[in-house]
There are 2 protein chains.
Amino acid sequence: MASRAGAVTLADVARAAGVSKMTVSRALSPDRSAALQPDTLARVRAAAGSLGYRPNLAARSLTARRSGIVAIVVPDLGNAVFAEIIAGIQAGLKDTGRETIVARTGFDPAAECDTVRHLSGWNPDAFVLAGPSRTDAVRALVRDLGIPTVEVMDLPPDPIDMAVGFPHAEAGALAAEHLHARGYRRPATLSCNAADTRAARRIEGFRARATGLGLAPPVDLFDPAEPSFGLGRALCARLRARAPAVDCVFAANDLLAVGAVLHCQDAGVAVPGALAVCGFNDLPIAAEIGGGLTTVHSPRRAIGRETAALLLDLAGGAARPVAPVRHIPCHVVPRGTT
Amino acid sequence: MASRAGAVTLADVARAAGVSKMTVSRALSPDRSAALQPDTLARVRAAAGSLGYRPNLAARSLTARRSGIVAIVVPDLGNAVFAEIIAGIQAGLKDTGRETIVARTGFDPAAECDTVRHLSGWNPDAFVLAGPSRTDAVRALVRDLGIPTVEVMDLPPDPIDMAVGFPHAEAGALAAEHLHARGYRRPATLSCNAADTRAARRIEGFRARATGLGLAPPVDLFDPAEPSFGLGRALCARLRARAPAVDCVFAANDLLAVGAVLHCQDAGVAVPGALAVCGFNDLPIAAEIGGGLTTVHSPRRAIGRETAALLLDLAGGAARPVAPVRHIPCHVVPRGTT
DNA sequence: CTGAAAGCGCTTACAG
DNA sequence: CTGAAAGCGCTTACAG
């Protein structure tokens, strides 16, 4: 039994194969095994296989000074957006000898800093930070650590190191252009969750482009609660009471947007006839509701894959990849609500 | 700059504080610092703080023979069920010096084995396996590794080691009891995804209890596709065409159940008047649809927290905790669709 | 209460 | 193409 106490080590394999530990080390390293004589290689691999050798990764990490770990820090796992980014990264890193370690902060910027500090003890090859805001403390810490860091989902005005995503103002601007092109002229916005600074920038981007295109200044409704269908219903009800002339709505996320559509269905308000609705993210739910929700697609998978590619470029040699800031644009998915 | 090359080590702190490495090691270990003189402790901590010392976790893991890592293997992160189990575990492990490492298998049982084998190289304190099925290879591997392992979400007939969850047949039985108590007598079941063996057991449990209570034998509709609202709509349409006398439906998951309700709304079928619908999981969507979906709540958070508690019990000393198999029951949440 | 020695299991950097 | 030596940064087990 290869249990923890008496685990099979490099020395055991060396003994069994009649070679030195170094030869075993080389035989089991994809990069260095080419230098070995074919029959030596075969003998070592056979011995390793029959003994059930599994390298001690802590020991490897200690000497090689790189762990092969990519540390991903997200606010929340239940959120499909972050889950898909992680899935994209893991898919892109598959079979490259890199493992991911995922930590969640619960949207607490201070927790992000503690988490990065702690994870740094594993000497990750890279950090991926997915949360919406970054404290100065994290920025200083990450710089000080000297570990490559990718900020994802967003393109911050002042990236710490690398970034893969899109400026959230752009997502709002695309929604404004779409609604304008469809002929709507009196817009409103729905948003929530004060901690979500990206949502705020989407709304700002919408407002800027909407007024630039000559639409009426948007009526903004905001609620500090977390997003949900129920909140979308409530905000839409409030909107109709306050500003009945509004003919279209940009909701900062799909949950609010679907809630708004549900409210309209219940209240007998024709969508998009009396009120058009555009969301953000393009979660699966957007395609599932009757007629489909028009929404701005955020390319989570592509961001994850591109992040993996960036990390592999890094490992490939260049001190910094050719393009350390990669813009993955979002786009409008027109469906039945606009 | 405390970058990777010249990171601050225990020896650096020892020099700065004028003590030996051992004293620093003790001062920084919560368990062993009690044995130090208070002023020594303070001096060491001050030195560690001002130098920005961060322990090298690979080195610690190598000597202490435990990493403090809990390795969680899930089929999919986008699935709210697994995300919540992970969140529950992470919440329960917070401030206990344990980190989680999360890997996904994409519902591929062979990938589960490869993943466990690879993660074992980090000498995790424990494995948490969340997927629905386990190959004999993983079972053998995990036993051979001698690392404590918790299977979660389910209570398998033959647990490898520890387990936290509920038998899925029980969830189906609860649904049958609920529908029976409400007076429904001619049931059907909707299910999908051949790889989801747990769903199959929920359906079996439903059938057994339904017939035991004297209901008509359920009409079973199955589709091999992944669950979605759209599939729920389609299955419900098929059901009504094939078995118009059916008066209630147990759907193996909330996505199918919501889809079934949406189909009924579109088709002008009164819910629950003409057809009652009960789902499984109690995802947020269940409370959000108009009137609310009646569903069997799966206690994901509680399972996560209980798993964390089990792991802490383990660390507390006992070779195996008092109750290595913990039953966290599910329950019906009655809402508007039954 | 504190410390000197040994060693965890690997890989790096030299040799030959 | 292969190997002997040294050392990564910690903690365990002994001493005192």
Side-chain angles (χ1 to χ4, degrees), chain A residues 2-45 47-48 51-69 97 120-123, chain B residues 2-45 47-48 51-69 97 120-123:
Chain A
S3 76
R4 294 200 280 186
V8 177
T9 69
L10 212 54
D12 297 325
V13 178
R15 209 170 301 123
V19 296
S20 72
K21 291 194 299 176
M22 265 319 302
T23 299
V24 179
S25 174
R26 289 192 184 101
L28 271 27
S29 156
D31 304 347
R32 298 175 295 153
S33 61
L36 296 187
Q37 221 165 283
D39 63 321
T40 312
L41 188 58
R43 196 147 35 93
V44 173
R45 285 197 174 146
L51 290 175
Y53 173 68
R54 297 167 299 109
N56 182 319
L57 269 16
R60 175 178 288 177
S61 165
L62 186 58
T63 45
R65 275 134 187 305
R66 51 176 298 282
S67 61
I69 283 180
S120 72
W122 288 107
N123 286 318
Chain B
S3 77
R4 294 199 279 185
V8 177
T9 70
L10 212 56
D12 298 324
V13 178
R15 210 170 302 123
V19 297
S20 72
K21 290 194 299 178
M22 266 319 302
T23 299
V24 178
S25 175
R26 289 192 182 101
L28 270 27
S29 156
D31 303 348
R32 298 175 296 153
S33 62
L36 297 186
Q37 221 164 282
D39 62 321
T40 312
L41 189 58
R43 198 147 35 93
V44 173
R45 286 197 173 148
L51 289 175
Y53 173 69
R54 296 167 299 111
N56 182 318
L57 269 17
R60 175 178 289 177
S61 165
L62 186 58
T63 45
R65 277 136 186 301
R66 50 176 300 280
S67 61
I69 283 180
S120 72
W122 289 108
N123 287 317

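Atoms considered below: every heavy atom in the structure, side chains included; atoms not considered: hydrogens, waters and symmetry mates. Chain letters run A, B, ... following the sequence lines, proteins first and then strands; every chain starts at 1.
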### Task
Verify, without hydrogens or angle tests, whether A:Ser67 (side chain) and A:Asn123 (backbone) share a donor-acceptor contact under 3.5 angstrom.
yes
### Query
Separation of B:Arg43 atom CZ from C:dT2 atom P, in whole Å?
8 Å
Using residues 17-24 of chain B as the side-chain source, report each donor-acceptor pair under 3.5 Å to any protein atom, sequence neighbours left out, with the distance given to one decimal.
from	atom 1	to	atom 2	distance (Å)
B:Ser20	OG	B:Met22	N	3.4
B:Ser20	OG	B:Thr23	N	3.3
B:Ser20	OG	B:Thr23	OG1	3.3

### Summary
Per atom distances to the A:Leu62 side chain, the nearest of D:dC8, D:dC10, D:dA4 is D:dC8
### Message
Reading DNA chain D from 5' onward, which residue's closest nucleotide shows up sooner: A:Pro38 or A:Met22?
### Response
A:Pro38
### Message
Checking contacts here: which listed nucleotide (C:dT2, C:dT11, C:dC8) is nearest the side-chain heavy atoms of A:Arg32?
### Response
C:dT11
### Task
Measure from CG on B:Asn123 to C1' on C:dC8 and round the result to the nearest Å.
11 Å
### Query
With a 4.0 Å cut-off on heavy atoms, is A:Thr40 in touch with a base, just the backbone sugar-phosphate, or nothing at all?
sugar-phosphate
## Note on the structure
Of B:Asn56 and B:Arg26, the one whose nearest nucleotide on DNA chain D sits closer to the 5' end is B:Asn56
### Task
Quickly work out the A:Arg60 CZ to C:dT12 P distance and round it to whole Å.
10 Å
## Note on the structure
Side-chain contact check for B:Arg65: nearest option of C:dC10, D:dG3, C:dC8 is C:dC8
### Message
Can a donor-acceptor pair be found, under 3.5 Å and without considering hydrogens, that links the side chain of B:Arg32 to the backbone of B:Ser25?
### Response
yes
### Task
Choose from D:dC10, D:dG3, C:dG3 the nucleotide whose nearest atom is closest to any side-chain atom of B:Thr23.
C:dG3
